[in-house]
Amino acid sequence: MTGLQELRFPEEKPLLRGQDATEMDNPDAFLSVVDTDWKEHDIETPYGLLHVVIRGSPKGNRPAILTYHDVGLNHKLCFNTFFNFEDMQEITKHFVVCHVDAPGQQVGASQFPQGYQFPSMEQLAAMLPSVVQHFGFKYVIGIGVGAGAYVLAKFALIFPDLVEGLVLMNIDPNGKGWIDWAATKLSGLTSTLPDTVLSHLFSQEELVSNTELVQSYRQQISNVVNQANLQLFWNMYNSRRDLDINRPGTVPNAKTLRCPVMLVVGDNAPAEDGVVECNSKLDPTTTTFLKMADSGGLPQVTQPGKLTEAFKYFLQGMGYIAHLKDRRLSGGAVPSASMTRLARSRTASLTSASSVDGSRPQPCAHSDSSEGMGQVNHTMEVSC
């Protein structure tokens with residue numbers, strides 16, 4: 001494939017500072033949040049309340065980072081390890097970070113009443129503009145996993161002007177056929193809901209090896225997430241339709257994601273085939289495909305350092321750059337990152353190139369900076 005670029009990432013760091021996988025058996029440690037500046041909100045939307053946790057406040061035209069978790073999880077179970085990772089915090093401290101929990105999936109959620117109609121995947125996407133409007137965001141950079149990646153992709157298709165970029169992990173753009181639907185129903189009759197969800201989150205190899213990580217997630221899914229609410233979300237995700245996307249030029253009036261996209265999947269993940277197919281349907285000029293070696297179904301948990309490095313490159317390609325020294329080389333603490341705007345072309349003024357609060361960035365065609373990758377002009381398949 002022409003134009004491919006290979007990036008090599010340094011040796012991986014532990015799951016969490018001062019922690020390893022065995023410590024994740026402790027629910028308090030697993031759900032802990034390093035920062036105490038998070039604020040919880042319940043936001044009214046056309047399809048019910050959304051539980052949102054936010055840190056920071058909007059500044060100028062700087063985008064917010066908005067996350068959406070996978071089915072069976074919530075923002076804590078899905079993203080705490082990634083966002084608590086030290087290098088990631090050096091990046092995100094310069095953005096508003098907004099975690100969205102799907103209806104009824106947050107810690108301590110009340111059970112929905114009998115007969116409650118859970119929102120469809122399209123309706124879940126249509127709830128997000130209420131969040132954007134409530135906090136006054138101009139636009140967002142979305143990070144979604146599995147079902148959350150599908151919701152954010154739908155959101156970007158319906159409201160493209162609100163989305164500046166997307167990181168989509170384990171996305172499956174296809175709806176379930178009758179055979180898949182029947183297999184899911186049969187699995188539900190022979191397995192408990194947590195075990196059924198685990199087979200969505202982890203590969204068979206990970207489940208058979210029965211790692212402490214899998215055991216920890218089995219415990220958390222069973223005890224932290226309301227099971228009746230989870231069943232509703234699981235049923236709705238499995239009744240999703242195909243994402244209506246096609247690579248530009250392949251069909252008349254093809255719909256596609258108009259923003260830069262980074263697709264992420266582990267090389268031992270159950271979602272690998274779906275992510276590969278999604279890559280084939282996106283615009284190759286704005287798409288990065290990151291396939292992570294030695295990673296299973298939750299790369300944001302098992303490989304947070306590599307994913308952080310890739311996310312930094314992704315931001316650079318969109319016109320943001322983090323001045324971060326590598327502590328492995330310097331041997332010292334990493335100074336505070338300063339986010340600056342890359343010039344969008346060689347004719348861009350120095351003033352516009354130096355401010356992160358300037359006009360909304362577009363995928364960079366050229367960069368005057370030697371620090372960033374500076375280009376998003378081809379599909380970039382990365383193995384790391």
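Note that the coordinates shown come from a computational prediction; the quantities given were computed from them, not determined experimentally.
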From CA spacing to verdict: side-chain contact (heavy atoms from CB on, under 4.5 Å), T256, R247: CA-CA 7 Å; T256 191; R247 179 163 289 186; over 6 Å; no

Residue pair M318 / P63, side-chain heavy-atom distance below 4.5 Å: no

By side-chain hydrogen bond (donor to acceptor under 3.5 Å, both in side chains) - contacts of S203 (at least two apart): E206, N268

Heavy-atom closest pair, residues E44 and S130: O-CB, 3.8 Å

Side-chain touch D70/V197, heavy atoms, less than 4.5 angstrom: no

Donor-acceptor contact present, side-chain S216 to main-chain L213, <3.5 Å: no

Connected via hydrophobic side-chain network under 4.5 Å: Y116 and L193: yes

From CG (L152) to CD1 (I141), nearest 0.5 Å: 12.0 Å

Side-chain donor or acceptor of E122 paired with backbone N/O of R241 under 3.5 Å: no

Between CZ on residue F314 and CD on residue E309, distance to nearest 0.5 Å: 15.0 Å

Sub-4.5 Å side-chain heavy-atom contact between D172 and Y237: yes

Atom pair OH/OG1 of Y313 and T308 - distance to nearest 0.5 Å: 12.0 Å

For the student: nearest non-hydrogen atoms of K39 and H41, plus distance: O-CD2, 3.5 Å

Y217 side chain to L77 backbone, donor-acceptor under 3.5 Å: yes

With L290, the side-chain contact (heavy atoms from CB on, under 4.5 Å) member among L263, V264, V275, V167: V264

Positive for side-chain contact (heavy atoms from CB on, under 4.5 Å) with L282, one of T287, N246, L168, T288: T287

Heavy-atom side-chain proximity of F83 to I143 below 4.5 angstrom: yes

Y139 OH to D161 CG distance, which is reported to the nearest 0.5 Å: 11.0 Å

Check: N235 side chain, Q231 main-chain N or O, donor-acceptor pair, under 3.5 Å: yes

N170 (side chain) donor-acceptor with G297 (main chain) under 3.5 angstrom: yes

From CA spacing to verdict: salt bridge (Lys or Arg N to Asp or Glu O under 4.0 Å), E164, K138: CA-CA 10 Å; E164 185 175 347; K138 301 294 184 181; over 6 Å; no

Nearest atoms (heavy-atom pairs only) where L230 meets I221: CD2-CG2, 3.9 Å

Rounded distance [0.5 Å steps], NZ in K255 versus CG in D244: 4.5 Å

Pairwise distance CE(M169) to CD(Q300) - rounded to 0.5 angstrom: 5.0 Å

Shortest non-hydrogen contact between C98 and F135, atoms and distance: SG-CE1, 4.4 Å

Chi angles and distances behind the salt bridge (Lys or Arg N to Asp or Glu O under 4.0 Å) call for D87, K312: CA-CA 10 Å; D87 287 355; K312 184 174 72 173; over 6 Å; no

Any side-chain donor near an acceptor of the partner, H51 and N74, under 3.5 Å: no

pair V208-E205: side-chain heavy atoms closer than 4.5 Å: no

Donor-acceptor pair, side chain of N229 and main chain of P103, under 3.5 angstrom: no

Parallel, tilted or perpendicular: rings of H99 and F79 (30°, 60°): parallel

Side-chain heavy-atom pair D294, Q303 within 4.5 angstrom cut-off: yes

Main-chain N/O of D195 paired with R218 side-chain donor or acceptor, under 3.5 Å: no

Joint hydrophobic cluster, L232 plus L49, side-chain heavy atoms closer than 4.5 Å: no

Expected output: side-chain N226 to main-chain S110 donor-acceptor under 3.5 Å: no

Side-chain donor/acceptor of E86 to backbone N/O of N84, under 3.5 Å: no

Any L128 side-chain heavy atom under 4.5 Å of L162 side chain: no

Residue pair I158 / P129, side-chain heavy-atom distance below 4.5 Å: no

Sidechain-backbone polar pair: R240 side chain, A147 backbone, donor-acceptor under 3.5 Å: no

Least distance between heavy atoms, H200 atom then P270 atom: O-CG, 3.4 Å

Closest non-hydrogen atom pair between Y47 and A126, with its separation: CE1-CB, 3.8 Å

